[in-house]
Chemist: 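Please read through the structure below; I'll follow up with questions.
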Amino acid sequence: MTHTPIPPNQAASTTVLPSTQRPDSQGRFGKFGGKYVPETLMPALSELEAAFYQYRNDPEFQQEFQGLLQDYVGRPSPLYFAERLTQHYAKPDGSGAQIYLKREDLNHTGAHKINNALGQVLLAKRMGKPRIIAETGAGQHGVATATVCARFGLNCIIYMGVHDMERQALNVFRMRLMGAEVRPVQAGTGTLKDATSEAIRDWVTNVETTHYILGSVAGPHPYPMIVREFQTIIGQETRQQCHAKWGGLPDILLACVGGGSNAIGLFHEFVDEPTVRMIGIEAGGEGLNSEKHAATLTRGRVGVLHGAMSYLLQDEDGQVIEPHSVSAGLDYPGVGPEHSYLKDLGRAEYYSITDQQAMDAFQQLSQLEGIIPALETAHAIAYLEPLCSQLSGNPRIVINCSGRGDKDVQTVAKFLNPS
Ligand SMILES: *Cc1c(COP(=O)(O)O)cnc(C)c1O
């Protein structure tokens with residue numbers, strides 16, 4: 001794969017609006033985002049937005065949120081210097097990238113998703129909504145939601161495609177164990193897109209009593225803004241940890257992109273820092289020319305899905321193309337609208353990594369660092385291969401280690417030994 005990275009100073013000369021104006025009052029990031037939803041949902045979105053503005057700086061809300069992030073989730077997550085991975089990519093003259101991992105895999109439930117689920121459940125409680133619904137693909141967001149619902153004694157219903165329920169049986173069991181009801185979705189191909197549509201349908205019907213905990217920086221406004229806020233802790237901690245370790249900023253941020261929440265969580269704190277280069281990695285599946293991929297930003301066209309305008313995998317007639325990735329968490333045909341905005345303005349760069357490359361990186365990180373990453377995360381790790389050879393000097397790279405790979409070992413075993 002050949003890539004022409006955008007040099008950081010060129011990125012800095014673009015006109016990305018400051019973070020306080022992203023999104024604007026209409027929920028737009030440039031032309032992206034917005035609220036393309038049935039009329040019946042408009043009041044619920046307004047109510048959610050009002051609650052968010054009421055509580056985001058409320059001391060009591062913040063105290064409860066920060067307290068649980070610390071004692072329940074286990075934050076702050078470490079910023080770990082990956083010494084052997086760094087050595088692996090060192091140049092013959094000893095120079096080379098210094099590679100750090102932001103260890104979101106060490107969070108309770110094993111990924112970054114709990115940050116958002118926790119923030120939203122605290123909002124739901126204050127809005128007086130006793131019933132929680134969510135969509136899930138790989139089951140990670142479903143598990144995070146079931147977890148916080150158990151913690152607060154709320155009624156929890158998770159929509160999940162039948163195909164995904166088969167692929168991720170262990171996560172279905174975990175959700176049920178914590179008292180959630182998992183509703184199988186037969187429609188379409190029985191994957192995340194169909195589960196999301198079904199969750200939106202439920203919300204339309206039960207909006208009075210129900211809060212919908214959306215799992216990524218996608219969907220209608222205010223979700224991309226709210227989920228970003230609850231994930232921003234990743235970048236805030238990273239800034240402090242970089243400061244403590246070397247007294248400066250990171251040079252490059254690297255994260256995988258499904259809907260885009262772990263990437264935005266890391267990037268947001270640094271978007272206004274022109275020297276920090278930001279790279280998002282999508283799922284290239286069996287290759288960008290194979291039709292079997294989930295590279296929405298690289299290969300999609302602008303359209304509307306699940307309430308927002310963004311890049312989207314669609315055919316000539318505007319029908320959503322079924323995405324493919326070996327990693328269920330990246331297997332989504334849309335992407336958060338802010339990523340579309342950052343891409344169009346050249347502030348962030350987006351590339352793709354194939355199933356095979358991700359599998360190689362999965363094993364590489366396991367063997368070099370004793371850290372088994374999620375297959376989603378392995379996509380970001382894999383991009384070190386093309387990236388490091390392009391770099392000169394000793395730039396400091398922070399990779400968002402978005403999740404742990406225990407959930408993926410069976411998938412990997414099958415991929416390595418098909419039969
Ligand atoms: C869900 C998931 C992702 C993809 O979702 P984003 O919203 O793009 O972050 C990435 N990594 C892990 C470990 C996940 O569970």
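Note that this is a predicted model, so its numbers are computed, not measured. Both ligands and their constituent atoms are indexed starting at 1 by order of listing.
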Chemist: Under a 4.5 Å cut-off applied to non-hydrogen side-chain atoms, are His379 and Ser327 in contact?
Modeler: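 Yes - at least one pair of side-chain heavy atoms lies under 4.5 Å apart.
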
Chemist: What protein heavy atom sits nearest atom 4 (C) of ligand 1, and how far away is it?
Modeler: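 Protein heavy atom at minimum distance: Gly329 O, 3.5 Å.
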
Chemist: Identify the protein heavy atom lying closest to atom 6 (P) of ligand 1, giving its residue, its atom name and the separation to 0.1 Å.
Modeler: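 That would be Ser261 N, 3.3 Å.
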
Chemist: Return the closest protein heavy atom for atom 11 (N) of ligand 1 as residue, atom name and distance.
Modeler: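 Its nearest protein heavy-atom neighbour is Ser402 OG, 2.8 Å.
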
Chemist: Under 3.5 Å between any N/O of Asn262 and any N/O of ligand 1: does that happen in this structure?
Modeler: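 Yes - when backbone and side-chain N and O of Asn262 are compared with those of ligand 1, one distance drops under 3.5 Å.
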
Chemist: Using a plain distance cutoff, I'd like to know if Leu330 has any nitrogen or oxygen under 3.5 Å from a nitrogen or oxygen of ligand 1.
Modeler: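 No.
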
Chemist: If we set the cut-off at 4.0 Å for heavy atoms, which region of Lys113 has an atom near ligand 1: side chain, backbone, both, or neither?
Modeler: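 Near ligand 1, Lys113 shows its side chain, while the N, CA, C and O stay back.
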
Chemist: At a 4.0 Å threshold, what atoms of ligand 1 neighbour a non-hydrogen atom of Gln140?
Modeler: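 By the 4.0 Å cutoff, the relevant atoms are 15 (O).
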
Chemist: Test your reading of the structure: does Val257 have an N or O sitting under 3.5 Å from an N or O of ligand 1?
Modeler: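 No, there is no polar N/O contact under 3.5 Å.
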
Chemist: Is there a side-chain contact between Thr238 and Tyr100 in this structure, where contact means two heavy atoms from C-beta onward sitting under 4.5 Å apart?
Modeler: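 No - every pair of side-chain heavy atoms lies 4.5 Å or more apart.
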
Chemist: Is ligand 1 under 4.0 Å from a heavy atom in the side chain of His112, in the backbone, in both, or in neither?
Modeler: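 The answer is the side chain.
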
Chemist: Going by the atom numbers of ligand 1, which of them fall below 4.0 Å from some non-hydrogen atom of Gly403?
Modeler: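 So the atoms of ligand 1 that pass are 13 (C).
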
Chemist: Give a yes or no on whether Gln410 atom CD has more than 12 heavy-atom contacts from other residues, nucleotides or ligands under 6.0 Å away.
Modeler: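 No, CD of Gln410 has 12 or fewer neighbouring heavy atoms, counting only those of other groups under 6.0 Å.
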
Chemist: If the test is side chain to side chain contact (heavy atoms under 4.5 Å, CB included), which one of Thr298, Ile279, Val257 qualifies with Tyr351?
Modeler: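 Only one option passes, and that is Ile279.
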
Chemist: Please check if the side chain of Glu338 supplies one atom and the backbone of Ile264 the other of a donor-acceptor pair under 3.5 Å.
Modeler: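 Between the backbone of Ile264 and the side chain of Glu338 there is no qualifying donor-acceptor contact (under 3.5 Å).
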
Chemist: Taking the side chain as C-beta and beyond, is there a heavy-atom pair between Arg75 and Gln70 under 4.5 Å?
Modeler: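 Arg75 vs Gln70: side chains apart.
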
Chemist: Using a 4.0 Å heavy-atom threshold (strictly under), name the region of Ala374 that reaches ligand 1: side chain, backbone, both or neither.
Modeler: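 Just the side chain.
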
Chemist: With no hydrogens and no angle check, do the side chains of Thr147 and Thr109 hold a donor and an acceptor under 3.5 Å apart?
Modeler: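 Side-chain D/A pair, Thr147 to Thr109: absent.
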
Chemist: Purely on distance, is any nitrogen or oxygen of Gly258 under 3.5 Å from one on ligand 1?
Modeler: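 Yes, Gly258 has an N/O under 3.5 Å of an N/O on ligand 1.
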
Chemist: Judged by modelled atom types alone, do Glu49 and His221 share a side-chain donor-acceptor pair under 3.5 Å?
Modeler: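 Yes - a donor-acceptor pair under 3.5 Å links their side chains.
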
